[in-house]
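Input: a single structure, listed below in structure tokens.
Only heavy atoms go into these numbers, but all of them, side chains included; no hydrogens, no water, no symmetry mates. None of the values given here were measured: they were computed from a predicted structure.
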Amino acid sequence: MRRARTSDVPAVRHLIDAYSRDGILLDKATVTLYEDIQEFWVAERDEDAEVVGCGALHVMWEDLAEVRTLAVDPRLKGSGVGHQVLDKLVRTASWLGVRRIFCLTFEVDFFTKHGFVEIGDAPVDGDVYSELLRSYDEGVAEFLGLERVKPNTLGNSRMLLHL
């Protein structure tokens with residue numbers, strides 16, 4: 001596991017494409033991947049340093065972050081790579097001082113194994129909600145459950161982990 005570099009974007013793009021075609025992950029513009037590369041961690045295979053997994057942690061508020069774009073090479077699904085990536089994201093959140101981690105996912109069982117629980121509404125008070133409404137980030141809009149992003153979130157479960 002290591003921090004992602006700009007040279008990893010093509011590999012991250014490939015991982016996302018493997019899941020976005022089936023609607024499991026939201027597609028992201030490549031420019032967005034470059035803009036957000038500092039949020040990503042990647043898993044490399046030992047023998048050849050090929051990027052076989054990725055995940056991003058996006059801080060949303062003082063005590064709240066979101067796991068984004070967690071993907072594993074489909075050939076390695078079930079091998080533990082995703083668990084390693086998520087563990088690294090959780091440790092990073094803890095190091096940053098985040099106390100809650102949100103995700104929007106179809107992979108409920110996977111996240112449940114890591115202590116995430118399904119939630120209904122956005123778990124923030126009114127003042128924080130009002131501040132988050134000012135964000136231009138689509139992921140924040142999905143977290144808030146805004147009407148304009150409903151097509152992106154259909155079928156997904158909203159989950160939260162308390163650290």
task: Following the transitive rule for hydrophobic clusters with a side-chain heavy-atom cut-off under 4.5 Å over Ile, Leu, Val, Met, Phe, Trp and Tyr, establish whether L161 and W61 coincide in one cluster.
output: no
- prompt: Do T112 and M159 have side-chain heavy atoms sitting under 4.5 Å apart?
  reply: yes
query: Do the non-hydrogen side-chain atoms of F40 and V9 ever get within less than 4.5 Å of each other?
result: no
field: ILVMFWY cluster, V42 and L15 together (side-chain gap under 4.5 Å)
entry: yes
field: Same cluster (ILVMFWY, side-chain, under 4.5 Å), L26 and V31
entry: no
statement: L104 and R158 have their tightest heavy-atom pair at CD1-CG, 3.6 Å
message: side-chain contact (heavy atoms from CB on, under 4.5 Å), that's the test. Do I101 and L160 meet it? Break it down for me.
response: CA-CA 6 Å; I101 304 174; L160 191 69; 5.9 Å; no
statement: When rounded to the nearest 0.5 Å, the distance separating OG of S94 from CG of L89 is 12.5 Å
- request: Please assess L96 against L57 for the test side-chain contact (heavy atoms from CB on, under 4.5 Å), listing each intermediate value before the final yes or no.
  value: CA-CA 11 Å; L96 289 170; L57 183 74; 4.1 Å; yes
query: Quick check: are there more than 12 heavy atoms from other residues, nucleotides or ligands sitting under 6.0 Å from CD of E62?
result: no
task: Could you tell me whether R3 atom CZ has more than 12 heavy atoms of other residues or ligands within 6.0 Å of it?
output: yes
field: Side-chain H-bond candidate by donor/acceptor type, E66 with H58, under 3.5 Å
entry: no
task: Can you sort out the partners of H83 under side chain to side chain donor-acceptor pair (under 3.5 Å), two or more places apart, ordered by chain and number?
output: H114
field: Interatomic distance, R91 atom CZ to W41 atom CH2 [nearest 0.5 angstrom]
entry: 8.0 Å
statement: One should read off an interatomic distance between L64 CG and R100 CZ, to the nearest 0.5 angstrom, of 5.0 Å
query: Any ion pair linking R13 and D17 (charged N to carboxylate O, less than 4.0 Å)?
result: yes
query: Can you find a heavy atom in the side chain of M1 that is under 4.5 Å from one in the side chain of V85?
result: yes
- prompt: Is a side-chain donor or acceptor of D36 paired with a backbone partner of L33 at a separation under 3.5 angstrom?
  reply: no
query: Does one hydrophobic cluster hold both F102 and V98, with members joined at side-chain heavy-atom distances below 4.5 Å?
result: no
task: Looking only at non-hydrogen atoms, find the nearest pair between E35 and Q38 and report the distance.
output: O-OE1, 3.1 Å
field: Heavy-atom check, side chain of V108 versus side chain of F116, under 4.5 Å
entry: no
task: Give the minimum heavy-atom separation between T6 and Y34, together with the two atoms involved.
output: O-CE2, 3.5 Å
- prompt: Run the side-chain contact (heavy atoms from CB on, under 4.5 Å) check on F111 and V67 step by step: do they pass?
  reply: CA-CA 10 Å; F111 282 96; V67 169; 4.3 Å; yes
- prompt: Are I119 and L163 grouped together when hydrophobic residues (ILVMFWY) are joined by side-chain heavy atoms under 4.5 angstrom apart?
  reply: no
field: Close side-chain approach of S157 to F106, heavy-atom, < 4.5 Å
entry: no
field: Counterpart residues, side chain to side chain donor-acceptor pair (under 3.5 Å), relative to E44 (two or more places apart)
entry: R2
statement: Distance col, row C54:SG vs D8:CG, nearest 0.5 angstrom, shows 9.5 Å
Would you tabulate the side-chain donor-acceptor contacts of residues 69-78 under 3.5 Å, counting partners in other chains and residues two or more places apart, or write 'none'?
| residue | atom | partner | partner atom | Å |
| --- | --- | --- | --- | --- |
| T69 | OG1 | K28 | NZ | 3.4 |
| D73 | OD1 | R75 | N | 2.8 |
| D73 | OD1 | R75 | NE | 3.0 |
| D73 | OD2 | R75 | NE | 3.2 |
| D73 | OD2 | R75 | NH2 | 2.4 |
| R75 | NH2 | E50 | OE2 | 3.3 |

Interatomic spacing from CD1 in I16 to CZ in R21 - rounded to 0.5 Å: 11.5 Å
